[in-house]
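Read the numbers this way: they start at 1 and go in the same order the structure lists the ligands and their atoms. What you see is a predicted model, and the numbers here were worked out from it, not measured in a lab.
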Amino acid sequence: MPIQKKWLASGSSYATPYYDFQSQRKGPTVMVVAGIHGNETASIQAAKQLVDRLFSQELALKKGRLVIVPVVHQTAYRQRIRGIPDLNRTFPRRSGKKAGHPLSSALYQLAVRIGPTWYLDLHEANGLSQIRASSLGQTLITNPGNRSIPQARRLIKDINRTISKKSHHFNLRLHELPGSSRTAAARLLKARAVTVETCWSLAKADRVRYQIYLVKGFLRKAGLL
Ligand SMILES: [Zn+2]
């Protein structure tokens, strides 16, 4: 399987690697990004582990193309901070509008070039959605009307069967968040776009496992695995 390590925002202080896995068989393109927020470490670790498993061929694509950006905001990640300004409010809000930050601009341009069928944005959040409806921890989020909704619902059923503590179960949220990478992918690129949010207060190993389970689940639904 041809694999390429490439650079986003190359030549700038924001340069960060991404990985382009292309199967020999034609199929959908899936884009996975983590580390838009530098302190959401389980999602970053999950994306890095997926890259490692693809390199070692423990995971192999049946068809299509998978592009993974494991750490979008390297400088925020090094400091383990969310990032200033919040990168996830700087993506284009309307077609023809520019992104408000060099990194979101580079990431969005990459997404425009590859035209993903699926766009998965990995994050972490406070609180458990099962306990409080307003909490985003343990959720999949997409935009109202997004074509990912049926698959996201099925995947939540699948993962919840593997989680014995009911308070740790995942829920679906439909939300419009202008300036976020998911909303830009959903509205401007017409992608099936989903944000994965694990809950910060859970054990790190569990959060990484949930993130990997959900990304692999979407890859299976897209036919790549
Ligand atoms: Zn986040």
### Query
Backbone or side chain, does Glu197 get an N/O/S atom under 2.8 Å to the Zn ion (ligand 1)?
no

### Message
If we ignore hydrogens and angles and just use 3.5 Å, is the side chain of Ser23 paired with the main-chain N or O of Arg25 as donor and acceptor?
### Response
yes

### Query
Taking His169 for the side chain and Asn160 for the main chain, is one N or O donor matched with an acceptor at less than 3.5 Å?
yes

### Task
State the CD-CD1 distance between Glu124 and Ile44, to the nearest 0.5 angstrom.
8.5 Å

### Query
Closest to the Zn ion (ligand 1), which N/O/S atom of His37 is it?
ND1

### Task
Specify whether Phe170 and Tyr210 have parallel, tilted or perpendicular ring planes, treating 30° as the upper limit for parallel and 60° as the lower limit for perpendicular.
perpendicular

### Task
Restricting to N/O/S, name the atom of His123 that gets closest to the Zn ion (ligand 1).
ND1

